[in-house]
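Protein chains get the first letters and strands the later ones, always in sequence-line order, with residue 1 at the start of each.
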Number of protein chains: 2
Amino acid sequence: MQNSPFRNAAQKEADRAAKRDAVLRAAVRMFNERGFFATSLDDVAASLGISKRTIYHYLANKDQVLLECITIGLEQLLAAADDARAEPGNGRDRLVKFLRRYVEINMDDFGICVSRTGEEALSRESLPRYRALKKKIDVAMRQILTEAVEDGSIGPIDVKMTAFTLAGALNWPGRWYDPKGALTPAQISEAMVKVLMGGLDPRPN
Amino acid sequence: MQNSPFRNAAQKEADRAAKRDAVLRAAVRMFNERGFFATSLDDVAASLGISKRTIYHYLANKDQVLLECITIGLEQLLAAADDARAEPGNGRDRLVKFLRRYVEINMDDFGICVSRTGEEALSRESLPRYRALKKKIDVAMRQILTEAVEDGSIGPIDVKMTAFTLAGALNWPGRWYDPKGALTPAQISEAMVKVLMGGLDPRPN
DNA sequence: ATCAATATGCACTCACGAGTGTATTGTGCT
DNA sequence: AGCACAATACACTCGTGAGTGCATATTGAT
């Protein structure tokens with residue numbers, strides 16, 4: 001299979017995907033740095049040494065650039081939920097696994113983009129897809145919480161409010177995390193999950 | 001003192017302040033609804049039945065409109081910290097008081113604006129003031145936490161990470177709170193604080 | 001070598017929105 | 001009455017950035 005057009009076609013496909021990916025990666029970094037609205041596609045193109053027109057060969061418009069970035073981030077979160085649920089141990093173990101990973105994703109480029117971007121940035125057409133993914137994650141979170149409550153490995157908390165509270169706390173690092181700071185994502189994630197699991201009230205021990 | 005020019009001058013001042021205030025109130029609502037960048041001052045003016053030029057008689061530019069809105073929100077939070085610290089009871093009581101109020105402020109128009117607005121939206125000139133206020137609140141939060149740890153009314157938590165975790169959780173309602181929803185701010189605030197204080201782990205009781 | 005398709009750049013249009021110059025109206029003061 | 005000043009509107013400039021038409025370059029296929 002030296003010169004089969006198949007392999008070649010696949011190669012082309014891969015090339016194209018790699019370029020598209022590079023655009024998204026450059027875009028998400030600039031979105032996170034300067035904000036979505038303060039970033040022009042001309043800026044993104046310049047940072048890659050290409051022209052804006054080229055970007056439009058891989059992505060339909062600015063809105064789609066953002067939607068793709070967010071989708072990547074959200075899909076990482078979904079994958080984290082699936083992974084956690086496949087884990088052995090009790091409900092609490094799976095929950096902790098999920099939370100730990102959730103925080104870490106929120107300090108990754110695409111995750112940061114998710115936690116920094118509100119609905120206002122997306123177009124009317126992109127919103128349904130965005131909301132659907134968000135919903136899926138919320139459902140997964142509640143499911144994991146419910147299972148943990150049911151097997152008694154965490155206390156009998158209000159699942160809905162707890163899911164909201166956790167989501168807020170876990171998303172926040174996307175706002176202040178500094179890769180050049182002293183703490184690593186793993187340390188931050190561990191400390192935050194500890195606070196959330198243990199609560200502030202003193203524990204008899 | 002029927003026709004004293006003093007009263008008149010004061011009256012004028014008050015009129016002016018009231019109008020300025022009305023502009024800010026209209027602006028903050030639209031910022032929250034559609035996002036800062038998607039809101040033009042023409043829109044804000046139209047919603048008040050005035051022309052954009054009038055807005056510029058009360059505020060220097062769009063950046064200042066935003067800064068004022070955020071400042072109002074942040075100052076409410078600062079006031080909440082002061083109030084809480086003046087409260088009787090132990091450290092935990094004061095902390096709970098502060099947290100409860102913090103959440104509620106984040107469901108008020110100006111508070112929502114604070115939690116929805118990132119640094120990217122502000123101009124270089126406005127940032128120092130913004131950051132200074134943010135810092136003050138963070139300091140106050142840590143102070144309250146430290147006092148509670150020291151008098152033993154909450155567990156020996158990591159103050160810095162806890163402050164971050166709390167801030168995230170408490171700010172989140174600004175993103176999803178819907179005034180037309182079933183839950184009142186007081187209910188949400190109570191439930192969230194309960195989750196944070198108690199944690200997820202089961203408590204022997 | 002040539003053709004078709006894909007990739008890329010250049011230069012443009014177009015809309016929108018921040019901010020302003022100037023004219024007009026209203027209001028209290030003397 | 002007339003003056004000074006605040007309030008407000010209208011109509012404008014000007015920059016910026018999304019998106020596009022067209023021309024060119026590159027590359028794989030025959």
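- If you take OH of A/Tyr56 and C1' of D/dC22, they are 17 Å apart, rounded to a whole angstrom.
- Between the base of D/dG19 and the side chain of A/Lys62 there is no donor-acceptor pair shorter than 3.5 Å.
- Interatomic distance, CG of B/Asp138 versus CG of B/Leu133, reported as 12.5 Å (0.5 Å rounding).
- The separation between A/Arg16 atom CZ and C/dA5 atom C1' is 12 Å, rounded to whole Å.
- When the C1' atom of C/dG17 is taken as reference, atom CZ of B/Phe31 falls 13 Å away, rounded to whole Å.
- In this structure, CG of A/Asp42 is placed 12 Å from C1' of C/dG9, rounded to the nearest angstrom.
- Distance CD (B/Gln64) to P (C/dA18): 15 Å, rounded to an integer number of Å.
- For A/Lys52 and D/dA18, a side-chain-to-base donor-acceptor distance below 3.5 Å is present, hydrogens and geometry of angles not being considered.
- Atom CZ of B/Phe37 and atom C1' of C/dC16 are 15 Å apart (whole Å).
- Comparing C/dG19, D/dA7, C/dG9 by their nearest atom to the side chain of B/Tyr58 picks out D/dA7.
- Rounded to an integer number of Å, the gap from CD1 of A/Ile55 to P of C/dA7 is 15 Å.
- In this structure, B/Arg53 does not reach the C/dG21 phosphate: none of its side-chain N or O atoms is under 4.0 Å from OP1 or OP2.
- Remark: B/Lys97 is not positioned above the aromatic ring of B/Tyr102, lacking an NZ or CZ atom under 6.0 angstrom from the ring centre and at most 45 degrees off the axis.
- Taking the six-membered ring where the residue is Trp, B/Phe36 and B/Phe31 present perpendicular rings, their angle passing 60° and hence far from 30°.
- Considering only side-chain N and O atoms, B/Thr54 lies under 4.0 angstrom from the phosphate OP1 or OP2 of D/dA9.
- Proximity note for B/Leu41 (side chain, C-beta onward) versus C/dG9, C/dA18, D/dA18: the nearest is C/dA18.
- How far CE of A/Met197 is from CG of B/Asp201: 4.5 Å, rounded to the nearest 0.5 Å.
- At the heavy-atom level, B/Ser51 lies under 4.0 Å from base atoms of the strands shown.
- Remark: the A/Lys19 side chain and the C/dA7 base include no donor-acceptor N/O pair separated by less than 3.5 Å.
- Between the P atom of D/dA7 and the CZ atom of B/Arg20 lies a distance of 13 Å, rounded to the nearest Å.
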Under the criterion side chain to side chain contact (heavy atoms under 4.5 Å, CB included), I'd like the reasoning laid out for B/Glu68 against B/Arg20: C-alpha separation, chi angles, the key distance, then a yes or no. CA-CA 10 Å; B/Glu68 291 294 311; B/Arg20 197 182 126 109; 2.7 Å; yes
